[in-house]
S.K.: 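The structure is given below, and queries will be raised subsequently.
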Amino acid sequence: MKYWLMKTEPDVFSIDDLKNHPQKTSPWEGVRNYQARNFMRDEMKKGDKVLIYHSNCKPPGVAGIAEVCKESYPDHFAWDKKSKYYDAKCDPQNPRWFMVDVKFKKMFKSTVSLSELKEVKALESMLILRKGNRLSITPVTKKEFEIIEKMGD
DNA sequence: GCCAACGTTGGC
DNA sequence: GCCAACGTTGGC
């Protein structure tokens, strides 16, 4: 089993939105970055654990936990002209973008903020803490996941 | 709102 | 294939 961190802007889609979805699941649509796509398409498996990270908000940080409940399939929003994730260069016969579905697991009592994460020595190699990192999906180690989960409880 | 860091685009 | 210009991300 693998561990991941997925960023989302809570104004657009928050962990509360995930919790309130039918069956508490949702497709993770709209990823338009090849590296992040490759993680979803090739490496994310059912049952993998996911830290849900809220970005572009106060405070930024990990808000809770989800898990992968459906493995990759084409992101059909790419050819939905009404979607804000529409990509004119995409051909449904040859999908370019993929997504997985995630299921809500739990909300932290309070968000484990970015500044708190930065204070933990054992987390210093996390990609999310690197300056200028913009990748919206990053792998995390089991240890990192467990430390953050404990911080949130 | 600012701006540094990054990914993508497109001319050459 | 290089790289400048551009658009986006995201913390502050």
S.K.: Select from A:Asn56 and A:Lys89 the residue whose nearest nucleotide in DNA chain B is closer to the 5' end of that strand.
M.R.: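 Per heavy-atom nearest nucleotide, the more 5' residue is A:Asn56.
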
S.K.: Starting at CD of A:Glu116 and ending at P of C:dG11, how long is that distance when rounded to a whole Å?
M.R.: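 Result: 15 Å.
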
S.K.: Which nucleotide in the list C:dG10, C:dC12, B:dA4 gets nearest to the side chain of A:Glu9?
M.R.: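 Selected nucleotide: C:dG10.
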
S.K.: Looking at A:Tyr73, I'd like to know if the NZ or CZ of A:Lys70 sits under 6.0 Å from its six-membered ring centre while staying within 45 degrees of the ring's axis.
M.R.: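 Cation-pi check for A:Lys70 and A:Tyr73: passes.
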
S.K.: Under 4.0 Å between any heavy atoms, over every strand shown, what does A:Lys58 touch: base, sugar-phosphate, or nothing? Just pick one.
M.R.: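 Result for A:Lys58 = nothing.
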
S.K.: Choose from C:dG11, B:dG7, B:dA5 the nucleotide whose nearest atom is closest to any side-chain atom of A:Leu114.
M.R.: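 Selected nucleotide (nearest to the side chain): C:dG11.
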
S.K.: Select one nucleotide: of B:dA4, C:dG11, C:dG10, the one nearest the side-chain heavy atoms of A:Lys7.
M.R.: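 For the A:Lys7 side chain, the nearest candidate turns out to be C:dG10.
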
S.K.: Rounded to whole angstrom units, what separation is found between the NZ atom of A:Lys118 and the P atom of C:dG11?
M.R.: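 Atom-to-atom, A:Lys118 to C:dG11, this comes out as 8 Å.
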
S.K.: Can you tell me how far C1' of B:dA5 sits from CD1 of A:Ile128, to the nearest Å?
M.R.: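 From A:Ile128 CD1 to B:dA5 C1': 14 Å.
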
S.K.: Classify the side-chain pair A:Trp28/A:Asp101 by whether it contains a donor and acceptor separated by less than 3.5 Å.
M.R.: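 Per modelled atom types, A:Trp28 and A:Asp101 side chains form no pair under 3.5 Å.
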
S.K.: Does A:Lys105 come within less than 4.0 Å of A:Glu67, counting only side-chain N to carboxylate O?
M.R.: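 Salt bridge flag = yes for A:Glu67 with A:Lys105.
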
S.K.: Return the value, rounded to whole Å, for the distance between atom CE of A:Met6 and atom P of C:dG10.
M.R.: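 Whole-Å distance recorded here is 13 Å.
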
S.K.: Rounded to the Å, how far apart are A:His54 NE2 and C:dT9 P?
M.R.: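 It is 17 Å, rounded to the nearest whole Å.
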
S.K.: For A:Thr111 and A:Ser113, which I'm curious about, is there any donor-acceptor pair between the side chains at under 3.5 Å?
M.R.: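 No, no side-chain donor-acceptor pair sits under 3.5 Å.
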
S.K.: Among B:dA5, B:dG7, C:dC12, which nucleotide has an atom closest to any side-chain atom of A:Gln35?
M.R.: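 Ranking B:dA5, B:dG7, C:dC12 by closest atom to the A:Gln35 side chain puts B:dG7 first.
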
S.K.: Is it the case that atom NZ in A:Lys45 sees more than 12 heavy atoms from other parts of the structure closer than 6.0 Å?
M.R.: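 Counting neighbours around NZ of A:Lys45, more than 12 heavy atoms of other residues, nucleotides or ligands fall under 6.0 Å, so yes.
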
S.K.: For A:Arg130 and C:dG10, give me the distance from atom CZ to atom C1', rounded to whole Å.
M.R.: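 Rounding to the nearest Å, CZ of A:Arg130 and C1' of C:dG10 are 17 Å apart.
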
S.K.: Kindly say if A:Tyr53 contacts the phosphate of C:dT9, meaning a side-chain N or O under 4.0 Å from OP1 or OP2.
M.R.: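 No, because none of the side-chain N or O atoms of A:Tyr53 sits under 4.0 Å from OP1 or OP2 of C:dT9.
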
S.K.: From CZ of A:Arg32 over to P of B:dT9, roughly how many Å is that when rounded to an integer?
M.R.: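 Rounded to whole Å, this separation is 13 Å.
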
S.K.: What is the distance, rounded to the nearest whole Å, between atom CG of A:Asn33 and atom P of C:dG7?
M.R.: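 Computing the A:Asn33:CG to C:dG7:P distance gives 19 Å.
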
